[in-house]
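Structure record follows, encoded as structure tokens.
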Amino acid sequence: MLIIALVGLAGLAGLVSLPWWLPARVVALRVRVFERINGDEGIPVPGDLVGVERFEEVYAHPAAGGRSKGAALSDLFWYWLSPGPEMHQEHLEAGDTYDAVARTTRRLLAVRRAEAEELARRCAGRALRDVRGLVRLRDLMIPMWAEFSYELVFGEPCPREARDLIAANAEDVAGALQCTRLRHMGRRDRLTAYLMRNLHRVRVPLPEGLTPRQQAYYLHGAFCTTAVVQLSEAMAHLLLVLARHPEVQERARTGDDAYLDQVMAETLRLYPLFGIAHRVTTGDIALEGSGTIPAGSVLCFNYPAFHHAGCPDPDRFDPGRFDGPDAKHLNHIPFGVAANRPCPAWRLAPIVMRVVTREVLGRYVLDSSVSHTRSMPHRGPCLLTPRGAPHRPGPALAYLRARDRWEDVWRSLAQLVLGTYMVWDARRLRLCERHFASFETFGPEPEGSHARHRTGHRP
Ligand code: HEM
């Protein structure tokens with residue numbers, strides 16, 4: 001009897017303490033499973049071969065220019081970012097098509113500062129109407145940036161149909177990337193079809209020499225996926241940081257833009273949107289005194305490791321690091337390195353993020369008690385109390401803390417199962433490898449054809 005009671009008690013203790021030990025173990029298991037399926041083809045940078053001091057030099061090297069071809073890792077990114085990953089700007093190899101696409105992106109992003117601010121303010125005003133109470137910050141941000149992005153591309157207010165299609169696509173991509181859901185190609189394909197029907201309304205000429213489907217894939221990748229997902233993730237991180245640090249929130253609300261910029265810089269230092277960006281070397285890279293990186297190597301540039309290196313107490317959130325002349329000595333590349341395909345929204349993104357942050361802080365007091373990690377699978381749970389309303393966040397914070405802990409348990413298990421499936425499926429489909437193999441066999445496809453396009457569906 002005593003033994004049964006003891007076993008029962010031990011079982012109960014194990015069950016109740018699940019949130020404190022299970023998620024970390026499941027995450028470690030997931031990393032091991034991913035490594036097993038993917039293999040370890042990459043050279044980690046910083047790492048044994050290339051130290052932190054050479055991180056930027058190697059990233060900026062002209063031979064660190066190959067984008068997708070030749071890296072097994074690319075199959076996984078192409079899978080997550082389908083359909084048409086071969087036309088997404090970030091996956092195109094250098095050449096005429098890349099130049100034409102990058103030029104179009106620059107034109108679409110070259111909006112006057114006052115116009116960009118006004119557009120961001122309008123989109124925020126609409127998205128925040130009638131919102132209060134408990135929200136998930138990323139879910140709140142996605143429809144806002146969907147409208148913003150649509151208007152950048154089409155130069156007119158975003159119809160509801162388009163907003164819903166873009167938001168559904170972005171939610172699907174962000175969820176799949178974080179392994180909290182499987183990808184739903186139907187949702188994504190509906191957006192491609194919408195874009196194809198509306199290509200004639202885009203406010204700048206689209207890259208020449210592309211089929212209409214390729215043009216739609218380009219817009220889909222850069223403006224409906226990358227722009228919306230990145231801005232929503234970045235804003236969710238920023239608002240969550242403010243919610244967890246009330247004193248910083250108050251100073252950001254009442255202070256000048258210089259302080260808000262420090263908060264943004266520190267947020268993107270601690271929570272860079274890219275974990276790893278990879279490049280395939282197109283020639284040898286000689287490392288003075290420590291050998292050579294041969295052509296065809298896959299370099300994996302680790303943003304969090306670089307941002308942490310050489311920074312005192314790197315895990316502490318401290319916007320003051322960016323105050324004063326010492327800031328320029330920090331390792332900080334949230335938008336990539338200027339010499340090697342940096343983010344084309346490098347100028348625009350901080351401008352519009354500042355506006356939206358002011359719109360949110362002007363309307364609400366933000367509170368949160370959830371964990372904050374670089375990958376944000378919980379989508380940023382937060383309490384929004386309208387300014388002027390009674391502010392008693394205690395019970396909501398206790399609820400959020402407990403819910404976050406328990407959600408972590410099932411979420412880590414779901415991520416293990418869904419992530420393993422997607423990594424396995426991506427290795428099976430080999431979208432990138434097959435694209436380049438068929439390109440080399442048949443050559444570039446004729447204008448108007450889309451027979452060989454990889455939509456990411458099963459063959
Ligand atoms: C805060 C928001 C954003 C951050 C932190 C960010 C960060 C980055 C980083 C680090 C890279 C370079 C990765 C590499 O070296 O491989 C990149 C590339 C890129 N980003 Fe952003 N991004 C943001 C918003 C946007 C927006 C709004 C767009 C809109 C179109 C955009 C479009 C792109 C594209 C197309 C590339 C690929 C560039 C190329 O290969 O030529 N990003 N981004």
Side-chain angles (χ1 to χ4, degrees), residues 45 55-56 58-61 64-68 71 73-74 77 81 85 87-95 97-111 116 119-120 123 138 141-142 144-146 148-153 166 170 173-174 204 207 217-239 261 264-265 267-280 298-304 306-307 332-357 374:
V45 185
F55 182 100
E56 287 180 277
V58 172
Y59 207 153
H61 196 283
R67 208 48 201 92
S68 294
L73 201 56
S74 307
F77 286 107
L81 298 172
M87 289 314 304
H88 289 202
Q89 181 172 334
E90 60 258 53
H91 295 152
L92 279 168
E93 302 299 333
T97 306
Y98 172 77
D99 291 343
V101 157
R103 212 167 26 246
T104 308
T105 302
R106 282 196 297 275
R107 290 178 79 168
L108 286 168
L109 292 172
V111 186
L119 173 57
C123 294
R138 195 177 82 199
M141 289 294 125
I142 282 182
M144 174 187 312
W145 294 115
F148 177 85
S149 224
Y150 177 96
E151 208 161 323
L152 275 185
V153 171
I166 299 171
V173 172
V204 305
Y217 282 153
Y218 150 64
L219 289 175
H220 192 148
F223 286 89
C224 301
T225 299
T226 304
V228 180
V229 171
Q230 298 292 63
L231 283 169
S232 303
E233 283 283 316
M235 279 303 306
H237 278 300
L238 180 57
L239 296 176
D261 286 352
M264 260 198 277
T267 302
L268 290 175
R269 183 194 70 80
L270 255 183
Y271 310 107
L273 299 190
F274 276 64
I276 286 178
H278 72 283
R279 293 289 189 276
V280 185
V298 179
L299 296 171
C300 295
F301 295 98
N302 184 323
Y303 277 57
F306 182 61
H307 280 185
H332 192 243
I333 50 159
F335 294 95
V337 296
N340 190 343
R341 302 174 61 145
C343 180
W346 187 319
R347 182 194 71 91
L348 184 70
I351 292 175
V352 294
M353 285 173 64
R354 223 179 273 136
V355 170
V356 171
T357 308
R374 196 193 67 75

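One-based numbering, in listed order, for ligands and for the atoms of each.
- Among M264, M235, R279, the residue whose heavy atom lies nearest to atom 14 (C) of ligand 1 is R279.
- Each of the atoms 14 (C), 16 (O) of ligand 1 lies under 4.0 Å from some heavy atom of A277.
- Using cut-offs of 30° and 60° for the angle between ring planes, the F77 and H278 rings count as parallel.
- When each of R279, E56, H61 is checked for a side chain to side chain donor-acceptor pair (under 3.5 Å) with N340, only R279 meets the rule.
- The two residues Y98 and E93 make their nearest non-hydrogen contact at CB-O, 3.3 Å.
- P344 places a side-chain heavy atom less than 4.5 Å from the side chain of Q89.
- Both the backbone and the side chain of C343 come within contact range of ligand 1, each with a heavy atom under 4.0 Å.
- Contacts between F335 and ligand 1 below 4.0 angstrom, taking non-hydrogen atoms only, involve backbone and side chain alike.
- Contacts classified as salt bridge (charged side-chain N to carboxylate O under 4.0 Å, His left out) and involving residues 268-278 (residues at least two apart or in different chains) are given here: E266-R269.
- For the pair H91 and ligand 1, no heavy-atom separation below 4.0 Å is found.
- Of the protein's heavy atoms, P344 CD, 3.6 Å lies nearest to atom 19 (C) of ligand 1.
- Put simply, no part of A102 is less than 4.0 Å from ligand 1, judged by heavy atoms.
- At the shortest separation from atom 12 (C) of ligand 1 among protein heavy atoms lies R341 O, 3.9 Å.
- Interface atoms of ligand 1 facing Q230, defined by a heavy-atom separation under 4.0 Å, are 3 (C), 23 (C), 24 (C).
- Here is the list of ligand 1 atoms found below 4.0 Å of a heavy atom in L231: 27 (C).
- Close approach of ligand 1 to Y303 is summarised as follows: ligand atoms under 4.0 Å from at least one heavy atom of the residue are 10 (C), 13 (C), 15 (O).
- Sorted by first and then second residue, the side-chain hydrogen bond (donor to acceptor under 3.5 Å, both in side chains) pairs with a member in residues 341-351 form an empty list; sequence neighbours excluded.
- Contacts between A227 and ligand 1 below 4.0 angstrom, taking non-hydrogen atoms only, involve backbone and side chain alike.
- Across A94, G221, A222, S149, heavy-atom proximity to atom 30 (C) of ligand 1 is greatest for A222.
- At least one N/O-N/O distance between Y98 and ligand 1 falls below 3.5 Å.
- For Y59, a nitrogen or oxygen atom sits less than 3.5 Å from a nitrogen or oxygen atom of ligand 1, counting backbone and side chain alike.
- Rounding to the nearest 0.5 Å gives a distance of 5.5 Å between SG of C300 and CD1 of I276.
- Annotation: side chain of V228 is in contact with side chain of I166 (closest heavy-atom distance under 4.5 Å).
- By the criterion of a heavy-atom distance under 4.0 Å, the backbone of P342, and not its side chain, is placed next to ligand 1.
- Nearest-heavy-atom check against atom 7 (C) of ligand 1 across P350, P272, P334 picks out P334.
- With hydrogens and angles ignored, the 3.5 Å screen pairs no side-chain donor or acceptor of H220 with any backbone N or O of T225.
- The protein heavy-atom contact nearest to atom 13 (C) of ligand 1 is F274 CE2, 3.5 Å.
- Looking only at distances, a side-chain donor or acceptor of H237 sits under 3.5 Å from a matching main-chain atom of R374.
- In this structure, M353 is part of the shell of residues with a heavy atom less than 4.0 angstrom from ligand 1.
- Rounded to the nearest 0.5 Å, atoms CG (L238) and CZ (R354) are 11.0 Å apart.
- Of all the heavy atoms of H88, none lies under 4.0 Å from any atom of ligand 1, so neither backbone nor side chain is involved.
- Atoms of ligand 1 found under 4.0 Å from any heavy atom of A234, numbered from 1 in the order shown, are 1 (C).
- Residues F335 and P350 have side chains in contact (heavy-atom distance under 4.5 Å, counting atoms from C-beta outward).
- With respect to atom 28 (C) of ligand 1, the closest heavy atom belonging to the protein is A345 CB, 3.6 Å.
- Classification of the Y303-F55 ring pair by plane angle, with boundaries at 30° and 60°, yields perpendicular.
- The shortest heavy-atom distance from F301 to ligand 1 is not under 4.0 Å.
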